Amino acid sequence: MSSLQFNSLINIKLTQESGQTSQAPWRHNSVGDMDEFNELIYLKVPLIINELSDETINLNNLPILLKLSQDKSNFNEFSYLYEFPKKLGNHQFSQILDEKNLSNKEIKTIENEINMELTKIYDLDFDLEKFYEFLLDDEKLAPSVDFCNGLRLFMAKDPFECIISSICSANNSIVRWTKSIDKIKHNWGEKVELDSGIFYGFPRPNQFLDFYDTPIEEADADGHSYEIDCYTHNLKSCGVGYRAPYMKKASQMILDEMDLKDIFDMTYDEAFDLILKMPGVGPKVADCILLYGFGFEEAFPSDVWIKRIVSHLYFDGEEISAEKTRDFGMDHFGDYAGYAQLYLFHYARKSGLMEKIKK
């Protein structure tokens, strides 16, 4: 496919590796002066989906591999290619999904969908320059502009994946929870074979209900045909620990009690109260879900580090609660709260402020 270009201020690598997100970084390659990022996304392209669907496969979304490229010294643009799957499960698509077999209208539809997805995922409609003017008016945050140039919110591709990932991230390190999510996708996600390799989709809520929680539960179902260590097709073996039942109960709630699409039309307070009802979700996780999964940029996720950073910068080191931190962030930064939290965290990490606070 031809290379398509975006002209927006964004540092993609920094955005993906900021440490404040609800999804794992995309598959990354450093090639000379270029950074490359590959990830599977799913598009609503009815004219293609209807053609591919048959009695043996129910294709609701079209999997596309996005291949982003950005010059390491130029954060004002990036380009991308996209790739169709050769095989989905047991179904060969390479004959049908070929650029030569698609009409100009079909190609334009696909590329319009990709552009909308990229704009959403990397929040490209957000005016960073205007935000920087806001930061420079705050003497506490003004230095963050130099450390965070091109940093944007890294929005979730899928709200359900965001919910499960956020539950998994609670009291967990970035490295551990991202590995857990990758294992969940590898164990139960839709396998998509492409020229660039194998990628996996994210399981759906109804699938989570059938997952075994522990190796023992999996072994019991199998009649203990093997040693316990051999049983790895369960949530505990993915490293989610005590969060396994939370993930399954949240999936059940989504199936029985709520339509995630409705959340986009709620007020922040309505959405916060609803998400807070999910097992394993406290105020910080709820705000992460609302910010990264549903685009509520007035959310201000407050963990122990954000609390310490806010205390150091705005309260002379006074001990403050997570709730007070959250209320301060939302009041002080307003519609920029989500971005301010992102910039505070990254600035503290990279400037040495976090090490200073630790001492």
Side-chain angles (χ1 to χ4, degrees), residues 15-28 39-42 121 153-190 199-215 217-218 231-255 258 260 263 271-272 274-294 296 299 301-306 322 338 341-342 345:
T15 294
Q16 293 198 8
E17 297 177 355
S18 67
Q20 298 288 83
T21 179
S22 66
Q23 61 181 315
W26 292 12
R27 200 174 292 181
H28 174 238
E39 182 58 290
L40 194 69
I41 66 168
Y42 285 80
I121 292 168
L153 290 170
F154 187 31
M155 300 298 196
K157 303 187 299 296
D158 172 67
F160 175 66
E161 181 177 351
C162 172
I163 289 169
I164 297 300
S165 296
S166 297
I167 291 173
C168 190
S169 71
N171 300 312
N172 207 352
S173 74
I174 297 167
V175 172
R176 283 200 301 269
W177 77 256
T178 53
K179 282 184 178 178
S180 293
I181 294 301
D182 282 343
K183 287 180 181 177
I184 288 172
K185 290 166 70 173
H186 191 275
N187 271 356
W188 298 288
E190 180 178 60
F199 287 75
Y200 295 88
F202 196 77
R204 306 315 304 153
N206 60 308
Q207 290 177 264
F208 268 82
L209 304 187
D210 296 327
F211 296 166
Y212 298 117
D213 282 12
T214 65
E217 188 179 318
E218 185 184 353
Y231 291 96
T232 59
H233 218 63
N234 58 81
L235 287 169
K236 191 71 176 287
S237 293
C238 293
V240 305
Y242 67 88
R243 305 165 190 85
Y246 296 157
M247 293 176 176
K248 295 176 71 171
K249 288 175 184 175
S251 300
Q252 187 74 67
M253 284 184 67
I254 290 167
L255 290 169
M258 62 179 71
L260 295 183
I263 296 175
F272 183 80
L274 178 65
I275 294 296
L276 209 54
K277 293 177 182 177
M278 289 186 170
V281 174
K284 190 263 182 177
V285 171
D287 271 330
C288 282
I289 291 170
L290 293 180
L291 177 59
Y292 293 103
F294 296 93
F296 286 88
S302 302
D303 60 11
V304 64
W305 282 112
I306 290 296
Q341 186 263 6
L342 174 68
F345 184 81

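Values in this document were obtained by computation on a predicted structure and should not be read as measured data.
- Using the six-membered ring where Trp is involved, F160 and F208 have ring planes that are perpendicular, over 60° apart on the 30 and 60° scheme.
- For the atom pair CG (D303) and SG (C288), the distance works out to 7.5 Å, reported to the nearest 0.5 Å.
- Residues meeting the side chain to side chain donor-acceptor pair (under 3.5 Å) test with N234, sequence neighbours left out: E218, S237.
- How far OG of S22 is from CD1 of I167: 12.0 Å, rounded to the nearest 0.5 Å.
- The distance from the CD1 atom of I174 to the OG atom of S18 is 7.5 Å, given to the nearest 0.5 Å.
- Within the model, atoms CD of Q341 and OG of S302 stand 7.0 Å from one another, a figure rounded to the nearest 0.5 Å.
- Between W188 and H233, some side-chain heavy-atom pair lies under the 4.5 Å cut-off.
- Legend: residues meeting side chain to side chain donor-acceptor pair (under 3.5 Å) with W305, ordered by chain and number and at least two apart, are absent.
- Not counting sequence neighbours, the partners of E17 by the salt bridge (charged side-chain N to carboxylate O under 4.0 Å, His left out) test are K13.
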**Message:** Walk me through whether M247 and F211 qualify under side-chain contact (heavy atoms from CB on, under 4.5 Å).
**Reply:** CA-CA 10 Å; M247 293 176 176; F211 296 166; over 6 Å; no

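- Every residue two or more places apart in sequence or in another chain that forms a side chain to side chain donor-acceptor pair (under 3.5 Å) with Q16 is listed here: Y122.
- Remark: N172 CG to W177 CH2 distance equals 9.0 Å, nearest 0.5 Å.
- In this structure E39 satisfies the side chain to side chain donor-acceptor pair (under 3.5 Å) test with no other residue, sequence neighbours excluded.
- Taking 4.5 Å as the limit, every side-chain heavy atom of F345 sits out of range of all side-chain heavy atoms of P301.
- Considering only heavy atoms from C-beta on, K183 stays 4.5 Å or farther from V240 through its side chain.
- In this structure, the separation between NZ on K185 and CD on E161 is 5.0 Å, given to the nearest 0.5 Å.
- Heavy atoms only, all atoms of each residue included: D287 and A299 are closest at OD1-CB, 3.5 Å.
- Put simply, the side chain of D158 reaches to within 4.5 Å of the side chain of R204, judged on heavy atoms.
- Using a 4.5 Å cut-off on side-chain heavy atoms (C-beta onward), L260 and I163 make contact.
- A286 and F272 make their closest contact through CB-CE1, 3.8 Å (heavy atoms, listed as atom of the first residue, atom of the second, distance).
- For the pair I164 and S251, the minimum side-chain heavy-atom distance is below 4.5 Å.
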**Worked verdict on I263 versus F296 for side-chain contact (heavy atoms from CB on, under 4.5 Å)** = CA-CA 10 Å; I263 296 175; F296 286 88; 4.1 Å; yes

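- Pairs of residues two or more places apart, or lying in two chains, that qualify as salt bridge (Lys or Arg N to Asp or Glu O under 4.0 Å) and include a residue from residues 243-255 are D213-K248.
- Under the 4.5 Å side-chain criterion, counting only non-hydrogen atoms from C-beta, L40 is not in contact with Y200.
- Closest of all the heavy-atom pairs between K157 and I121 is CG-CD1, 3.8 Å.
- At most 12 non-hydrogen atoms from other residues, nucleotides or ligands lie less than 6.0 angstrom from CG of N171.
- Counting heavy atoms of neighbouring residues, nucleotides and ligands inside a 6.0 Å radius, atom NE2 of H186 does not exceed 12 of them.
- A heavy-atom distance below 4.5 Å is not found between the side chains of Q23 and F202.
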